[in-house]
Amino acid sequence: MSPRRVLDRIGSWWVTALLLLVPAVVYLALSFGRNPYPAWLHFLLHAPAGMSVVIALIVNLAAASARIALDRLRRPAVTAGLVRSLDIHATVPLSDGPALRRAADLFRPDVPPDAVGSRGFRRVTGAWSFLPGTVLRAGLVLTLAGLLVSSHTRKVYETSLREGERKDILGSSVTVMKIDAALPEDFLQVGDDSTFRLENLAVRVESGGREHAVTPGFPSRFNGLFWRVRHLGIAQPLAFSMRSMRIDQTVDLNVLPPGRTDVVPLPGGDRFLTFSLDPEKVITKGLMTGRQYDLAHPAYRVVLQAGRGGRPEGRRVRPGGRFELGDATLSLGTPGLFVRLQVVSDPALLLLSAGIAIFLAGTAAMVSRFFWYERELVMVAEGEALLIGWRDEFFKKWGIHRFQRWKETVTADGGSEERRP
Amino acid sequence: MSDPFLIALREALQASVLLSLVLFSPPARDDRGARWSAVLGVLAGLGLGLVAGAVPAAARALGSHEHWTFWRHATESVIFYGSLVLLIRRPAPSPLLMRPGMFLLGIALVLFESRTLAFIVSDMGTVTGRPAVAFGWCGLGLLAGMLPLVLLRGRLRKLPFSRTFTPASLLMTVGALRFWFGGLAELGGESIMIPLQKGLQLFVNESMKSIQGALLLTDHPFLDVTFSGLAQYLGSDRSALTATVLFLMVPPVVILISLFSRPDPVVDGAAASSRRRQDIAAFRQDLTLQSAPVLAAFVILVVLLHAVNISLNPLYDPEPVPVREAEGTAFIRIPISGKAGDLGDKKLRKFVYYEGSKQVLFIAIMKADQTVGVALDQCEICRPADWNKDARGYAQQGENLFCKYCVTPIATSTLGTPGGCNPIPVPFRVEENTIVIGRDVLVSTFDKAEALERKGTHL
């Protein structure tokens, strides 16, 4: 088998359909009485059979692109057989001089009228119209390859850091210089569903003498790792004393968005403190209830749950003071912020991102295929007649009608015409 | 004991419709062997199905009802999408391929229903203690259902199926009809549409989460994440619905395109103008006939899709609760939380106030911002005719109000804003957790709306 035939077979759309059918069948087979997605993803990216399908699909799509590009760029020689294989062709007698001149006009400026009939000619428009599809497939190939590599090589690490804290993460030493979070002083929460949204959060991180910004959006890349903010909370210094028990530490409170409660366990196992943000104002207007919070200078509702059967003691407290909670004493220092950083080592993330971007670009470019497609007009002499053929990649009906109109202008008597069956 | 008869009759009639399409359309129409293969396939499917459903050991061994439903859906999809394979490949009609194909198609047409039928008839027989009688009635029903096909076969043969169906459009139509008929209604018999849409919803949602996770752009409850809005949109139910529509509409649309993209016939060669006209007329008639079943299948699928959306997201149209003005006052007082329910559940409430012969229907609903909207249960611009009274007013679908006449969704937040398709607002106030509406205000708002109607400003 010639290399070209091998390429045709590997890059066939029927193979693509078959390869896409396999994951679909597996998904359906896994779908009885449970969510099949996690098992399906594991099959595709980790099971040998699934990985084989993905790799085969990558090869098939790459081969399809190569096959299409070769078809477009290396055209077969113009012969009478080729003309007859087109969508429609017509025959003009070579002895009809005016008709030949009009036929040559179709190929201008490439063909001088006296050359018509002596050799074959071809005029092609939209020859590069395969590019949007090629871009789309390239995006898919990169995405699939990126997913496959990423699923086997990605290492994920998460850690909490406060302002000024230094940590060694996956061999990289970083210090959080500053957490830029414009927490509002007058956030109004209406209704029960949280409406809190925080934009423009950025964490300034120093590593190796250079400062980097890490955000919850696109991951930042430095020291060969990807860094991203996964969560934000309040770092609250507190001192708690109750009988012989004393605690003096900074706790990371997950009390954002407002309405959320966090638990701070106390030594002994059966006592704990609960923290939630306490509104500055509660506004009731008709049926509407709004709670206004000062998130820049938060106040808490702190409850001491004193063991099984113990009566909970709760009160509103604002950092910077000392408070009594039953027989316990609580002091809160000036609060700061903490962030949960996600640190990822993934050699294929850039490949994957590029693949998805190229795939989306290719999808958008595919719209052009409605009007950018290949059209081919071919002419060759056979015996005492000139064969003129026409082919449209799409919308063949319109192309055939157009050809019929051309033919009427080329031949005075209409000539003879045949369509491909 | 008429139940087994009626169920079997219905199923047999459905099967005979499908079988008549297969037998009297090309390619089986012109091949006696292919016709017999299809008939034998139907008989084999019937026999296998009856054994699988009625013999307890076989029923246990051959899997649960859930598995059979899955394979029924898979078979229907293969038939439906097989049409595209036929359209693209255009295989030559070879008896070697066609006869086994017809045999398998015959099996697929009846296997699943006959298995469920046997299961349910066996169950009915066990309950009544006379299984033989139940199966006797079932057999009679099957024979009665197939009788029209046998008796009318001569007439059916004369129908212009050979001009109406191509092999691809036949397979697609049979697939669409299978989707429509679904399984046996007595055992759920759900159409493929519901599991398809639910499955696609799950798949689209999970896929989007996976992509976000792979790109390290997972959502957060309050932090601003790049492209999270786009991801939520792409992973939403809308995308799943789009995927369902694509799945169902691709075969009919592709077949229609292939029909209508055929070039007009070449008539230059015909000397007589009458001959040219005849050629063009024949071409157009063929086109009309061949597109008719595809368009019919298209309509069936659109109706099914609509029905599925309604069943997944039903219209909520409560009965109106009669209200009177509070004793000794001219005000109607509706507690926001009371006997008629708690408006806090954000469900639509309907009320009716009678004054003489006037029946004033109005609605109240709590919006997302926890304020209340009150309006007449009628639209300013459109109103159905008297014979179509059921289509008057509004219902609720999801978070939107829904005009039952013009099927326009209306955001609940716009209730109280006059104009367009919105219901006509009624002035009101809220006092101590109670909606207070002036009786005169309500009636005059209603009178004004009726005056508009009489002037003919409604569409």
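The sequence lines fix the lettering, A, B, ..., with proteins before strands; numbering per chain opens at 1.
- Applying the side-chain hydrogen bond (donor to acceptor under 3.5 Å, both in side chains) rule to pairs touching residues 78-92 of chain B yields nothing, sequence neighbours excluded.
- Only the side chain of A:Ile356 has a heavy atom closer than 4.5 Å to any heavy atom of chain B.
- If you measure heavy-atom distances from B:Phe260 to chain A, the contacts under 4.5 Å come from the backbone alone.
- Using a 4.5 Å heavy-atom cut-off against chain B, the contacting residues of residues 142-157 of chain A are A:Leu147, A:Arg154.
- Heavy-atom contacts from other residues, nucleotides or ligands closer than 6.0 Å to CH2 of B:Trp71 number 12 or fewer.
- Classification of the A:Phe196-B:Phe222 ring pair by plane angle, with boundaries at 30° and 60°, yields tilted.
- By number of non-hydrogen pairs under 4.5 angstrom with chain A, the leading residue of B:Ala74, B:Ser210, B:Ser228, B:Pro195 is B:Ser210.
- Ranked by non-hydrogen atom pairs under 4.5 Å with chain B, the options A:Leu201, A:Leu28, A:Thr215, A:Leu349 are led by A:Leu28.
- For B:His73, no part sits under 4.5 Å from any heavy atom of chain A, backbone or side chain.
- Neither the backbone nor the side chain of A:Phe395 comes within less than 4.5 Å of any heavy atom of chain B.
- A 6.0 Å sphere centred on CZ of A:Arg197 holds more than 12 heavy atoms belonging to other residues, nucleotides or ligands.
- For B:His220 (side chain) and A:Pro216 (main-chain N/O), no donor-acceptor pair under 3.5 Å exists by modelled atom type.
- The nearest pair of heavy atoms linking B:Leu217 to A:Pro219 is CD2-CD, 4.5 Å.
- Across B:His67, B:Arg429, B:Glu206, the residue that shares the most heavy-atom pairs under 4.5 angstrom with chain A is B:Glu206.
- Here the side chain of B:Thr226 pairs a donor or acceptor atom with the backbone of A:Phe218 at under 3.5 angstrom.
- Shortest non-hydrogen contact noted between B:Ser207 and A:Tyr37 is CA-OH, 3.2 Å.
- Here the CZ atom belonging to A:Arg228 is positioned 8.5 Å from the CG atom belonging to B:Leu223, to the nearest 0.5 angstrom.
- The contact between A:Gln342 and chain B is made entirely by side chain atoms (from C-beta outward), counting heavy-atom distances below 4.5 Å.
- Proximity to chain B (any heavy atom under 4.5 Å) is restricted, for A:Leu41, to the side chain, taken from C-beta onward.
- With contacts defined as side-chain heavy-atom distances shorter than 4.5 Å, the pair A:His401/B:Pro263 qualifies.
- With values rounded to the nearest 0.5 angstrom, B:Lys198 atom NZ is found 13.0 Å from A:Ser31 atom OG.
- Heavy-atom contacts from other residues, nucleotides or ligands closer than 6.0 Å to CZ of B:Arg262 number more than 12.
- Looking only at heavy-atom pairs under 4.5 Å with chain B, the residue among A:Phe226, A:Trp40, A:Trp14 that has the most is A:Trp14.
- Residue-environment remark: CZ (B:Phe227) stays at or below the threshold of 12 foreign heavy atoms within 6.0 Å.
- Of the listed residues A:Val229, A:Leu198, A:Val344, the one with more heavy-atom pairs under 4.5 angstrom with chain B than any other is A:Leu198.
- Side-chain contact between A:Asn200 and B:Asp224 is absent, with no heavy-atom pair separated by less than 4.5 Å.
- Heavy-atom distances place no part of B:Ile257 under 4.5 Å from chain A, backbone and side chain included.
- Interface remark: B:Thr218 contributes backbone and side-chain atoms alike to the contact with chain A (heavy atom separation under 4.5 Å).
- A:Leu352 CG to B:Leu215 CG: the interatomic distance, rounded to the nearest 0.5 Å, is 5.0 Å.
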